[in-house]
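Order of listing sets the numbers, starting from 1, for every ligand and every atom in it. Being a predicted model, the structure only gives us computed values, none of them experimental.
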Amino acid sequence: MLRGLGQWLCRICGAPTLQSLQHFLNDGEVVSAWAVAEELLRSQSTSLKSAEAVASLAVAAAATGRLERAAQLLEVLDTPDLLQGSAQELAGVHSVRDRILELLAQSRGEGALFGGENLGVDPAPKLQVPETWCWVAQLPPVAEFVGPLEIRWNEGCERGLFATRHIFPREVLLLARPLAVHSGVWAYSTAELVEQLLDACRNSARTRCQLQCLTDGWASRAPPTLAVASHALWPQPDSQPMESLGSFLTREALVNVVDRNSFHVNSKTAIYGLPSMINHSCGSVNASANILDPLGDAILFRAETEIAAGSEIFFPYFKVSGSLHRRRERSQAMGFSCRCERCAFEADTLPGTNAAAASKAAMDAFESQLRDQMADLRDRPEEAGSHCMPLLQEILSHTRRMALAMDHSWREREVAWYLHLALPLYWCGVWCCTQVWQYELLLKAGEMSVSALLQEGDPSLSKCAVTLVAARCELLLQMVLAWEHTDRHSYDHLKCCYMLYLAFMEMCKLPLSSNHYWVPLVQQEVPLWRLEERPQHAKHATSTELYATSRLRCETAFCEKFGVGSDYLCLGGTQCRVTALMRTLHP
Ligand SMILES: [Zn+2]
Ligand SMILES: [Zn+2]
């Protein structure tokens, strides 16, 4: 059972010794190390009263996922008279205990990682141990944790992860350590990952069980039952594999596992067990993932939104801001064909409707002329101002036609998916607003400050300002909504939230004859806002109210993304952290 151990066995009775245990730990063969530890514990050797022995046993236990057992072995520290060793060794074993208690807390969902903030992760602190204790390096940098989740079959007859209770935004869903990691170019990662997996399979029964769960569908192997999959993929102690590699864990099968289950996050490619059960969606994403480089490339999943009990967890395997066609290409390249609700909406529900015609007309106009006009104006900024107004008006006529063509039975996310189809047009409109405004200011303000000019009440400038800010608010409101149900909390989403907040803030500063606006409820949950018209089903709102709403919306988005409160974000203040936080998303 214990390979390559000869020189470390006791010369008198042939039993394994403390040195054999440390030898295996130094080689990274933690499962064999624990097998030796069990032998030693069974033999009740008196040498186990030394600080070094206790620390080695505890490290072997923790390294194989036996955190409770490790803590129990260290209970001897509570009666210090029983323990022998130098002052340095005694300090070392205490340092090991501190780390193990921290890991134990993590495995129960407690500790710093489980707080709401997401502003970078510190590496586990260095252990204060004697220099010769190199084997402490086998202490895991982080413990695995699974939140209120279970594996179930979804409607598409695939396995998925489901919430077993109501989950709040920012809650940690699960924390898993990798089975294999590659940090170079994605295209060259497969061969190396497969080698790592084969290696791990030889030593670890747990890795083998996890990989067996990921090979279903391969060579028409029947998928394991939910009970088997849950048992294999939940955190559990590791042990030595009893039988030789099963016929299904071939190199070929593992290539398939890597192709289908790789996570590409933070420029790394890695294979995980339980996280592979999370399905992809282009439009109902409710979880985000972060690979924690300083913590051994463990992956941390958090809830991005509230998740109702019984709902499936979805995580985007790729950037979902592309078109249906583009998303299909991406999903097929990853070995599946996306049938998420958003794809179904775009492929089945939308075609043939007035709404589809309106969005097609808008995007056709954008692609055939509006985009070129914008590019042309961008090259000639001195002329942009005067020509942008007609361009803006044409864009608004398209977006308004789209809004009116929407189906009244749609829910908020269907509206969002629909608006997303014409997003480039909305960006173009926002660009026009800022261009015209700069032009008007240059023309009218000259040496005077803008606020002084507005104070003076130049009527034409005020009117222009109102029109432009109103248009910006109108476009950005729809853009924020579009992002909320697609690439939620992406760089672009947060940018739009911030721009919307700024637009409403400007709106509040304008000297307007009336401070009252109408928020037409095109349908119940979609507040589309227009300044000049007053549709039949409109809700009355002041610019101050709309400003407050947009501010809250922006703060909520940053809070859900980074876990920071409004005090930290300091929106609009001199210490405003919006830009600094957004920079972390665009390295
Ligand atoms: Zn002996
Ligand atoms: Zn999809």
Side-chain angles (χ1 to χ4, degrees), residues 149 151-163 173 186 214 216-217 259-265 269 272 275-289 299 301-308 310-353 355-356 359-360 363 402 406-407 409-424 426 478-493 496 526 560:
L149 304 172
I151 302 177
R152 278 183 12 205
W153 297 106
N154 64 19
E155 285 164 10
C157 295
E158 280 170 348
R159 286 171 315 193
L161 265 190
F162 289 77
L173 297 173
W186 174 17
L214 304 187
D216 71 331
D259 285 348
R260 287 166 174 266
N261 296 287
S262 293
F263 281 85
H264 311 286
V265 185
T269 306
Y272 298 90
S276 296
M277 293 295 114
I278 302 179
N279 286 315
H280 164 89
S281 168
C282 305
S284 310
V285 169
N286 51 19
S288 67
I299 197 165
F301 282 85
R302 283 183 190 275
E304 283 280 293
T305 61
E306 289 203 18
I307 304 172
S311 307
E312 185 169 359
I313 309 296
F314 289 110
F315 164 78
Y317 292 180
F318 47 81
K319 216 166 150 42
V320 294
S321 48
S323 65
L324 177 65
H325 177 71
R326 180 100 190 81
R327 302 199 310 270
R328 284 215 164 130
E329 281 179 348
R330 292 298 304 271
S331 67
Q332 271 153 17
M334 298 185 86
F336 70 104
S337 161
C338 189
R339 293 186 300 263
C340 75
E341 289 167 296
R342 180 175 164 210
C343 285
F345 171 76
E346 285 180 42
D348 309 329
T349 312
L350 203 52
T353 61
S359 73
K360 186 174 183 311
M363 281 312 285
M402 275 181 68
M406 283 192 283
D407 191 308
S409 69
W410 288 352
R411 288 160 299 169
E412 187 180 283
R413 52 194 196 152
E414 275 131 359
V415 172
W417 298 335
Y418 171 63
L419 294 175
H420 200 100
L421 297 172
L423 217 48
Y426 288 83
Q478 297 176 75
M479 292 165 83
V480 167
L481 179 63
W483 287 117
E484 275 175 357
H485 295 270
T486 52
D487 242 351
R488 190 184 176 88
H489 298 157
S490 62
Y491 182 87
D492 286 330
H493 175 204
C496 283
V526 191
E560 287 178 354

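- The side-chain contact (heavy atoms from CB on, under 4.5 Å) search around Asp259 returns Thr190, Val255, not counting sequence neighbours.
- Pairing each heavy atom of Cys338 with each of Cys282, the nearest pair is SG-SG, 3.7 Å.
- Residues meeting the salt bridge (Lys or Arg N to Asp or Glu O under 4.0 Å) test with Glu312, sequence neighbours left out: none.
- Distances under 2.8 Å from the Zn ion (ligand 2) pick out the protein N/O/S atoms Cys282 SG, Cys338 SG, Cys340 SG, Cys343 SG.
- Taking Ala347 as the reference, Leu324, Arg328 meet the side-chain contact (heavy atoms from CB on, under 4.5 Å) condition, with sequence neighbours excluded.
- For the pair Glu414 (side chain) and Arg411 (backbone), a donor-acceptor distance under 3.5 Å is present.
- Between Phe336 and His280, the ring center distance clears the sub-6.0 Å criterion.
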